[in-house]
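Comments concern the structure below.
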Amino acid sequence: MNITRDTTERPGVFITFEGPDGSGKTTQIALLADSLRSAGVAPVLLRQPGSTGLGERIRATLLNSRAEGNIAALTELALMFADRAQSIHEIILPALADGRVVLCDRYTDSSEAYQGAGRGLGAERVLALHQALCDGLQPQLTILLLPDVEAALQRARARNQHDRETHGTDESRFEAEGEAFYRRVHSAYAAIAQREPARVQTIGDGDIETIAARVRAVVLERFPALIERAASV
Ligand code: TYD
């Protein structure tokens with residue numbers, strides 16, 4: 001199989017969304033997808049882990065194993081890349097070859113931030129796996145939703161407090177991983193953005209509509225060919 005993984009040679013557009021838990025990424029992808037659709041551009045949407053048959057099984061396994069607390073950090077990393085390799089093969093490359101706009105909820109930057117920094121496995125190991133298992137396929141644009149770290153932690157604490165008071169639960173993902181983990185993930189994302197300014201566009205705090213408008217502006221600026229189709233966005 002002769003696959004050129006340089007997306008700049010592809011007719012499609014590959015955009016990923018990244019950010020720590022609670023950054024509002026999933027909402028923003030849906031809003032961008034709505035705007036594109038109403039302008040006549042039907043994007044291909046996927047999330048990682050997940051979206052393929054195998055990927056959704058990997059996602060369920062990961063969530064269960066995490067809940068049971070018996071998943072090794074390296075196993076977690078390997079499963080993330082198994083999922084990614086499958087979705088590249090099954091969804092991303094075919095969609096790009098078809099000239100589609102692909103919006104992907106998390107990609108290798110998540111592995112670098114969560115497994116590389118959060119779990120301490122190191123960025124080099126993650127990037128080596130990216131080369132080996134994804135042939136280095138990179139998005140043309142990554143929208144990084146990176147809230148101010150102190151404000152985000154404060155919101156997470158308030159949410160936990162609220163959950164404890166209203167449901168008697170203390171089981172949010174934030175609580176499970178802890179503040180130090182969150183900080184490591186956050187600074188890894190900031191470092192990635194600094195390292196690759198041409199690919200990664202960071203969007204900071206704001207209300208949902210303000211962020212959505214910034215996301216649209218970044219996408220349309222980067223892909224002028226979409227501007228005509230999306231003039232009414
Ligand atoms: P998800 O439902 O995507 O969370 P969110 O809606 O907040 O984005 O859950 C994915 C979780 O998996 C999230 O905690 C980040 C984590 N993850 C990794 O640790 N490594 C990875 O490579 C990916 C893709 C996700």
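Whatever order the structure lists them in is the order used to number ligands and atoms, beginning at 1. Sequence positions, counted from 1, serve as the residue numbers for this chain. Keep in mind that the numbers below use all heavy atoms, side chains included, and drop hydrogens, waters and symmetry copies.
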Checklist entry - R47 near ligand 1, heavy-atom distance under 4.0 Å? => result no
Next on the checklist: Is there a polar contact, in the sense of an N or O pair closer than 3.5 Å, between D21 and ligand 1?
Outcome noted: yes
Checklist entry - Should S111 be counted as touching ligand 1, given the test is an N or O pair under 3.5 Å? => result yes
Checklist entry - Checking side chain to side chain donor-acceptor pair (under 3.5 Å) for the pair D207/T210: CA distance, chi angles, key distance, verdict? => result CA-CA 5 Å; D207 59 41; T210 309; 2.5 Å; yes
Checklist entry - What residues form a ring-ring contact (aromatic ring centres under 6.0 Å, His included) with H130, not counting sequence neighbours? => result Y107
So which of [options] gets nearest to [atom], if we judge by its closest heavy atom?
{"atom": "atom 18 (C) of ligand 1", "options": "M80, R106, E112, Q48", "answer": "M80"}
{"atom": "atom 9 (O) of ligand 1", "options": "E76, R66, R84, R59", "answer": "R59"}
{"atom": "atom 8 (O) of ligand 1", "options": "R119, K25, E18", "answer": "K25"}

Checklist outcome for this item: If we number the atoms of ligand 1 from 1 as shown, the ones under 4.0 Å from a heavy atom of T26 are 6 (O)
Checklist entry - Taking R100 for the side chain and A42 for the main chain, is one N or O donor matched with an acceptor at less than 3.5 Å? => result yes
Checklist entry - Looking only at atom types and distance, does a side-chain atom of Q140 sit under 3.5 Å from a main-chain N or O of V13, one as donor and one as acceptor? => result no
Next on the checklist: Within the structure provided, determine whether L146 and I203 are in side-chain contact (heavy-atom separation under 4.5 Å).
Outcome noted: no
Checklist entry - Got a sec, which hydrophobics cluster with I208, joining ILVMFWY side chains under 4.5 Å apart, including via others? => result L31
